[in-house]
Amino acid sequence: PRINMERDEIPYEEQAPKALVSLDKLDLAGICEDGDSIVIGAMTTIEERMRVSAQSFYDIMPKIVNNCIVENEGKKPTDDGYIDSALFTEFDFFATCVKLRILSYGNMYKTVARCPVCGKVHNTKVDLTQLTYNFLPEDFSEPYDVGPLPRSGDTLGCRFIRIKDRVDIE
């Protein structure tokens, strides 16, 4: 017989591996304060099916990341007030997706590329735990100024794109 079990029905202690993901760089958007963090669990079969069947990365991955948030300031994903990954900057979202990929599949990422000219196959392995992330200075805040513009002399206030912005664009 086939068992259909939602993530909420699985006892917390028996769910997939978990990892602490620091969100202290997300205070740019007023999402959380310095030192706050979330705990994400590895993707289950439910999330994997969602990912494989999706037509758009930006449409499905925020939902998957939200499903995989196990704790958020002591809250479960079904509670009001948990952090929505659609509000993450693209940079923070991709860093969270890399951590989710490590939890779900391991740290080695293997890829194969074939040269379209000679046909030679190139196999590459990347240890995702060795990726380097560049962080913004501690005193950085949004909106940040760009300018003055060459013709008008105006200065623009800008912010980093959020995942919800990317979804709206698509």
Taking the side chain as every heavy atom from C-beta outward, state whether [X] and [Y] have any pair of such atoms under 4.5 Å apart.
| X | Y | answer |
| --- | --- | --- |
| Leu100 | Ser104 | yes |
| Leu87 | Ile163 | no |
| Asp127 | Met108 | yes |
| Pro62 | Ser85 | yes |
| Asp154 | Pro148 | no |
| Thr45 | Arg49 | yes |

Ile102 with Leu131, same ILVMFWY side-chain cluster at under 4.5 Å:
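Shared cluster, yes.
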Can a donor-acceptor pair be found, under 3.5 Å and without considering hydrogens, that links the side chain of [X] to the backbone of [Y]?
| X | Y | result |
| --- | --- | --- |
| Asn67 | Glu47 | no |
| Arg101 | Gly106 | yes |
| Thr155 | Asp145 | no |
| Thr89 | Arg162 | no |

Tell me whether Tyr109 at atom OH has more than 12 heavy atoms from other residues, nucleotides or ligands lying less than 6.0 Å away.
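Result for OH/Tyr109: open.
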Could you grab the distance from atom [atom1] of [X] to atom [atom2] of [Y], nearest 0.5 Å is fine?
| X | Y | atom1 | atom2 | value |
| --- | --- | --- | --- | --- |
| Phe93 | Ile161 | CZ | CD1 | 12.5 Å |
| Arg114 | His122 | CZ | NE2 | 10.0 Å |
| Tyr58 | Asp165 | OH | CG | 11.0 Å |
| Leu128 | Asn107 | CG | CG | 7.0 Å |
| Leu103 | Met43 | CG | CE | 9.5 Å |
| Ile64 | Thr96 | CD1 | OG1 | 13.5 Å |

Strictly below 4.0 Å, N to O, side chains only: are Lys63 and Asp84 in salt-bridge contact?
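Looking at Asp84 together with Lys63, the answer is no, because their closest N to O distance does not fall below 4.0 Å.
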Fill in: Proximity of Phe140 and Phe160 rings by center, below 6.0 Å
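Between Phe140 and Phe160, the centre distance is under 6.0 Å.
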| said: So that I know where these two stand, are Phe94 and Phe88 an aromatic pair - ring centroids less than 6.0 Å apart? | reply: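 Not close enough - the centres of the two rings lie 6.0 Å or further apart.
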| message | Between Asp59 and Gln55, is the side chain to side chain contact (heavy atoms under 4.5 Å, CB included) condition met? List the steps. | response | CA-CA 8 Å; Asp59 186 41; Gln55 301 216 354; over 6 Å; no
- Message: To check you understand the geometry: which heavy-atom pair defines the closest contact between Tyr105 and Arg51, and what is its length?
- Response: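 Looks like OH-NH2, 3.7 Å.
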